[in-house]
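Step one of this worksheet: look at the structure below.
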There are 2 protein chains.
Amino acid sequence: MQKSRPKAITAAEFKLQKDSADIAPVPVLERSAAQRKVLDAALKLFSDVGYFNTSIPDIVRASKVSTGSIYHHFGDKTGIASALFEQITGDLQAALDDIEIAHITTGGRCRAIIELMFEITERSPATMEFMLYAKHKEFLPAHAPICSSAPMTRMRDFVALGIERGEIRVIDPTIAAALIYGPAIRLLQLRLDGIIERPLFELLDELWDSSWRSLRAKAG
Amino acid sequence: MQKSRPKAITAAEFKLQKDSADIAPVPVLERSAAQRKVLDAALKLFSDVGYFNTSIPDIVRASKVSTGSIYHHFGDKTGIASALFEQITGDLQAALDDIEIAHITTGGRCRAIIELMFEITERSPATMEFMLYAKHKEFLPAHAPICSSAPMTRMRDFVALGIERGEIRVIDPTIAAALIYGPAIRLLQLRLDGIIERPLFELLDELWDSSWRSLRAKAG
DNA sequence: TATTATAGAACGAATGTTCATTCTAGAAAT
DNA sequence: ATTTCTAGAATGAACATTCGTTCTATAATA
């Protein structure tokens, strides 16, 4: 059901895709240096003090890009958040593509997804914070909630496929997905909040053994 | 380590408690009708459109309490959020007290906690949203993050005790807590986001069987 | 009991600030 | 030479908060 990530496409192809309803009209993400500076500064500020506590003058100061340029590139303040959202979910989609190719088994895929989430959390906490905590509906009314974003549904699809294939025992797929990803997400939230002080990688093996044990089919 | 909830106490007793450092100086929560109207309206607005999209005039309109009265009772806008936070965590503490008394086993306690979270989600989604999603650090800089709030640490303590008692197999307590509560919290988020359309209660048994299976000690 | 004093609560118009956005003009790029 | 980009001052609306006042109810006084 899920199409693979669109690669670089021409304008004509893009238009074509827009007409067929099942492909999200995500344009190719090519950012100028100024755009990147703005997005970097905004991500950091949004994560540190929150979207609503971040003013455009703050972003101007932090990014060293002028007000006029920011509005030229992003239209308005929500445009910045929107661009960040698309950047991050796009990157995530790409990473999920790689995982789908690199791992055949459901167990391998799910473990790799958890590893990916841990890695993003450690390497760029602000990115993970933006994905998890940003109340997108508060400043991105146009976007669907993060839970129903492409990467999230993709993660659930992997689990559902695992049940079909008999790799996961028969169980409500929603519950199965929650059992697999829920504990990992919980740990990563605790890590972001500073409750967990060790790098998440140190917890991965023990977490995975327990999570997967409760779900894999007996006759594996 | 954890003291039980303070019952109604006299002023003298309260002062005494304040001097001993290990009891939080939470005053008895007695709210006037006006205060309750404000808190009800604010909770609904905060949950519907977010704290920063809610103006004081909005709260005045919704609660039918005047600007002046609101400032008289709550000091400033963060005071409203703060009062909500204390109300909700206080109620939660009380419910956890009841659970601790009503259930002896760790399994029973954890299951009851999940049931409680589900029940709050169904009965008052706004309350659960405020607890989960409210980026408290953005508008309640004085409060610790929700993860390290009293009810959350309490929930972890139950799990840690279960390991000591041998009811849960030997495993990192942080991971154990994530395995128990993580999936439930995940489901409840999906329910709040409208992804799950059935009442959570219908998922409880299947969820619990799987969660607990991965954690209970072999020699139960 | 009748009158006055006091204090807390309620009110909402007025204030001053912040902030997103616009505007005008000039610099680069194509 | 036309379009794209950059710049930052100017604008105006929205907002949290303040303040002077009025209401209500209980307490003090006579």
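First the proteins, then the strands, lettered A, B, ... as listed; each starts at 1. We use all heavy atoms of the structure for the numbers below, so side chains are in, but hydrogens, waters and symmetry mates are not.
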Rounded to the nearest angstrom, tell me the gap between atom [atom1] in [X] and atom [atom2] in [N].
| X | N | atom1 | atom2 | result |
| --- | --- | --- | --- | --- |
| I70(A) | dC19(C) | CD1 | C1' | 13 Å |
| F52(B) | dA20(C) | CZ | C1' | 16 Å |
| I80(B) | dT17(D) | CD1 | C1' | 12 Å |
| K64(A) | dG8(D) | NZ | P | 13 Å |
| K77(A) | dA14(D) | NZ | P | 16 Å |
| H73(B) | dT18(D) | NE2 | P | 16 Å |
| Y71(B) | dA9(C) | OH | P | 18 Å |

Looking at [N], I'd like to know if its phosphate oxygens (OP1 or OP2) sit under 4.0 Å from a side-chain N or O belonging to [X].
| X | N | result |
| --- | --- | --- |
| S69(B) | dC11(C) | yes |
| H72(A) | dC5(D) | yes |
| S66(A) | dA7(D) | yes |

task = For the pair E122(B) (side chain) and P199(B) (backbone), establish whether a donor and an acceptor sit closer than 3.5 Å, ignoring hydrogens and angles.
result =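 No; judged by distance alone, with no hydrogens or angles, the pair does not exist.
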
S210(A) side chain vs L207(A) backbone, donor-acceptor pair below 3.5 Å =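 Such a contact is absent between S210(A) side chain and L207(A) backbone.
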
message = Students often get this wrong, so: under 4.0 angstrom with heavy atoms, is S55(A) touching a base, only sugar-phosphate, or nothing?
response =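 If one applies the 4.0 Å heavy-atom cut-off, S55(A) turns out to touch the sugar-phosphate alone, with no base involved.
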
inquiry  = For a quick check of understanding: with a heavy-atom distance under 4.0 Å over all strands, which category does T54(B) fall into, base, sugar-phosphate or nothing?
reply    =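 It contacts sugar-phosphate atoms only.
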
request  = Name the orientation class of the two ring planes belonging to F130(B) and F46(B) (parallel below 30°, tilted from 30 to 60°, perpendicular beyond 60°).
outcome  =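 The rings of F130(B) and F46(B) lie parallel, inter-plane angle below 30°.
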
